[in-house]
Amino acid sequence: MMSSMNNEVKDMGQYDVIIIGAGPGGMTAALYTQRANLKTLMLEKAAPGGKMMSTYEVENYTGLGKVTGFEISEKMFNHTQELGVEYKYGDVVEIKDLGELKELHTSSNEIYKAKAVIIATGTIPRGTNAPGESRLTGRGVSWCAICDGAFFKDLDIVVVGGGNSAIEEATYLTKMVKHITVVNILPTLQADAKAVDQAKATGKMDFKLGYEIVSFDGEDKLESVKIRHAETKEETDIKCDGAFVFIGHLPETTLVKDLGITNKWGYIQVNEKMHTNIPGIFGIGDVIEKDLRQIITAASDGSIAAVEVSKYIETLRK
Ligand SMILES: Cc1cc2nc3c(=O)[nH]c(=O)nc-3n(C[C@H](O)[C@H](O)[C@H](O)COP(=O)(O)OP(=O)(O)OC[C@H]3O[C@@H](n4cnc5c(N)ncnc54)[C@H](O)[C@@H]3O)c2cc1C
């Protein structure tokens, strides 16, 4: 009885446009479509803000100065709510293209219909795939400094990665932890000079450059990370209580895997107006093929897509 009730498909109604993902891209698109008087729904499977919610500080969004990731998420979400954007929890697992209507299927067996869909699902952190990484995730291995940093107060940790995200997050972590060993596979850091200078000025970091991760080790919780020098093959165990992995991201596109709108790396391909090759389906933000993945570029994509959605829906009315 119970299982047949759970399998029941729920018709959740029809909208002009549904935006999947409430990061900066999705929230900006939503406020533009709402102001264009389109019946708009924003579906989000976690919390509004997207990756901004797991970023400590942002200081490159024009006009806002230095804000925390939480503050900018809250400001953007409140803005959508002041304008009356409908927001719901929903983990979209599939989009079906039925021509002038699109069907969105969620993991809770709900079906939403829309004339247009904007995909703003962003990216998820990439793992090293080293043994022990998934087993010890949540037991010392983490992907989010702002979420988990406080667990490592006065302890020794490893940060994996050498780009801006890794170095800036490591600098943030120095406020809590005792010492950080930064392990980067390349012989140099890719982060910009300002970020590297700030990191070094903390006096709490040392750098193992040109090393790959061999394994994350420990019984019930992380106890050490084994690294190997890329050239000499010399192996070292770094004793630590935590390890944060910041080595890039992968696109969240399993929901469109059958639509043929992604490139070989899984990123959604769009033209400069954010159209995919399927009329009525648009892609924006970090999930699309692009050079610069930032809050401001995601927001900019969102505004462009919203205007294109309005024009597209107008063509359906003719
Ligand atoms: C550690 C770190 C620090 C950063 N610092 C900065 C910075 O200082 N300045 C800056 O400009 N940028 C920074 N960035 C980059 C910036 O966060 C991203 O470029 C931006 O958040 C992308 O926005 P988005 O809307 O495309 O996607 P995201 O922010 O990734 O949001 C996507 C949303 O979609 C939701 N979602 C995914 N799949 C589904 C689904 N199937 N159904 C429903 N919802 C779904 C997710 O839960 C998420 O909330 C940083 C990134 C990281 C990781």
Side-chain angles (χ1 to χ4, degrees), residues 18-30 41-62 64-73 76-77 80 87-95 104-108 110 112 117-126 142-149 159 161 163-173 191-192 194-195 244-257 267-268 270 274 282-303 305:
I18 298 181
I19 295 149
I20 310 171
M27 291 197 280
T28 306
L41 172 67
M42 203 163 47
L43 283 177
E44 167 59 55
K45 71 173 179 181
K51 284 196 290 294
M52 298 187 300
M53 284 294 278
S54 50
T55 301
Y56 173 56
E57 251 172 14
V58 174
E59 59 172 358
N60 55 2
Y61 194 90
T62 323
L64 290 189
K66 194 185 273 194
V67 283
T68 65
F70 177 78
E71 279 165 353
I72 186 170
S73 301
M76 285 190 188
F77 183 64
T80 69
Y87 171 82
K88 281 190 175 166
Y89 168 81
D91 177 8
V92 180
V93 290
E94 193 182 1
I95 302 172
L104 277 64
H105 294 240
T106 73
S107 56
S108 318
E110 300 153 329
Y112 291 89
V117 177
I118 300 177
I119 304 161
T121 47
T123 53
I124 47 168
R126 181 204 296 271
S142 171
W143 312 83
C144 176
I146 193 153
C147 322
D148 298 335
V159 163
N164 265 71
S165 288
I167 300 306
E168 285 167 10
E169 295 306 292
T171 302
Y172 163 69
L173 285 163
D192 61 43
K194 184 180 173 204
F244 287 79
V245 181
F246 302 116
I247 55 166
H249 287 81
L250 298 169
E252 275 267 35
T253 44
T254 44
L255 72 169
V256 297
K257 66 181 183 335
Y267 288 94
I268 296 177
V270 295
M274 310 300 144
F282 300 78
I284 60 169
D286 281 12
V287 76
I288 65 170
E289 186 180 83
K290 68 193 310 195
D291 287 337
L292 184 61
R293 292 192 171 83
Q294 289 281 279
I295 297 165
I296 204 153
T297 57
S300 160
D301 294 349
S303 64

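Computed from a predicted structure; not experimentally measured. One-based numbering, in listed order, for ligands and for the atoms of each.
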Q. Would you say Gln294 has any N or O atom under 3.5 Å from an N or O of ligand 1, going by distance alone?
A. yes
(Q) So if I count the atoms of ligand 1 from 1 in the order they appear, which ones are less than 4.0 Å from some heavy atom of Gly285? (A) 26 (O)
Q.
Among all the protein's non-hydrogen atoms, which is closest to atom 49 (O) of ligand 1, and how far away is it?
A. Glu44 OE1, 2.7 Å
Q.
Below 4.0 Å, non-hydrogen atoms only: which portion of Thr123 touches ligand 1? Side chain, backbone, both or neither.
A. backbone
Q | Nearest neighbour in protein (non-hydrogen) for atom 18 (C) of ligand 1 | A | Asp286 OD2, 3.2 Å
Q.
Can you tell me which portion of His249 lies within the under-4.0 Å heavy-atom range of ligand 1? Options are side chain, backbone, both, or neither.
A. side chain
Q: Could you list the atoms of ligand 1 found under 4.0 angstrom from a heavy atom of Glu169?
A: 1 (C)
Q) Got the closest protein heavy atom to atom 52 (C) of ligand 1, with its distance? A) Ser165 OG, 3.9 Å
Q: Could you tell me whether the side chain of Met52 reaches within less than 4.5 Å of the side chain of Met76, counting heavy atoms only?
A: yes
Q.
Measuring from atom CE of Met42 to atom CD1 of Ile18, what distance do you get when rounded to the nearest 0.5 angstrom?
A. 12.5 Å
Q. Counting distance only, does the side-chain N/O of Arg126 pair as donor-acceptor with the main-chain N or O of Gly248 below 3.5 Å?
A. no
Q. Do any N or O atoms from the side chain of Thr123 and from the backbone of His249 form a donor-acceptor pair under 3.5 angstrom?
A. no
**Q.** Proximal ligand 1 atoms for Ala46, defined as those under 4.0 Å from one of its heavy atoms
**A.** 47 (O)
Q: Run the contact test for Val287 against ligand 1 with a 4.0 Å cut-off on heavy atoms, strictly below, and give the result.
A: no
Q | Value rounded to 0.5 Å, distance of OG1 in Thr254 from CD1 in Ile124 | A | 8.0 Å
Q | Thr28 (side chain) donor-acceptor with Pro24 (main chain) under 3.5 angstrom | A | yes
Q) Looking only at protein heavy atoms, which one is nearest to atom 44 (N) of ligand 1, and how far off is it? A) Lys45 N, 3.2 Å
Q: Go through ligand 1 atom by atom and flag the ones less than 4.0 Å from a non-hydrogen atom of Gly50.
A: 29 (O), 31 (O), 48 (C), 49 (O)
(Q) Treating Ser108 as the side-chain partner and Glu110 as the backbone partner, does any N or O pair qualify as donor plus acceptor under 3.5 Å? (A) no
Q) Do the side chains of Thr55 and Ile295 get nearer than 4.5 Å, heavy atoms only? A) no
(Q) Quick test: of every protein heavy atom, which one is nearest to atom 43 (C) of ligand 1, and how far off is it to 0.1 Å? (A) Gly90 O, 3.1 Å
Q.
Just to be sure I read this right, does ligand 1 sit under 4.0 Å from the backbone of Asn60, its side chain, both, or neither, counting only heavy atoms?
A. side chain
Q) Are the side chain of Thr253 and the backbone N or O of Val256 linked by a donor-acceptor pair below 3.5 Å? A) no
Q: State whether the shortest distance between N or O atoms of Ala298 and N or O atoms of ligand 1 falls below 3.5 angstrom.
A: no
**Q.** Check: Asn60 and Val58 side chains under 4.5 Å, non-hydrogen atoms
**A.** yes
**Q.** Identity and distance of the protein heavy atom lying nearest atom 3 (C) of ligand 1
**A.** Thr55 OG1, 3.4 Å
Q) By number and element, which atoms of ligand 1 are closer than 4.0 Å to a non-hydrogen atom of Gly25? A) 25 (O)
(Q) Strictly below 4.0 Å, N to O, side chains only: are Glu252 and Lys45 in salt-bridge contact? (A) yes
Q) Considering only heavy atoms, does Pro24 approach ligand 1 within less than 4.0 Å through its side chain, its backbone, both, or neither? A) both
Q. Rounded to the nearest 0.5 Å, how far does CD1 of Ile19 lie from CD1 of Ile118?
A. 4.5 Å
Q. Is it the side chain, the backbone, both or neither of Glu59 that has a heavy atom closer than 4.0 Å to ligand 1?
A. neither
Q: Measure the distance from atom 15 (C) of ligand 1 to every protein heavy atom, then report the residue, atom name and distance (to 0.1 Å) of the closest one.
A: Arg293 O, 3.8 Å
Q: May I ask you to check whether over 12 heavy atoms, not counting those of Lys194, lie within 6.0 Å of atom NZ?
A: no
Q. For atom 17 (O) of ligand 1, what's the nearest protein heavy atom and its distance?
A. Lys51 CB, 3.6 Å
Q.
Would Val92 count as being in polar contact with ligand 1, using the rule that some N or O on each side must be under 3.5 angstrom apart?
A. yes
Q. Ligand 1 and Ile295, any nitrogen or oxygen pair closer than 3.5 angstrom?
A. yes
Q: Provide the number and element of each atom of ligand 1 under 4.0 Å from a heavy atom of Ala120.
A: 32 (C), 33 (C), 34 (O)
Q. Does a side-chain heavy-atom distance below 4.5 Å link Val159 with Glu169?
A. no
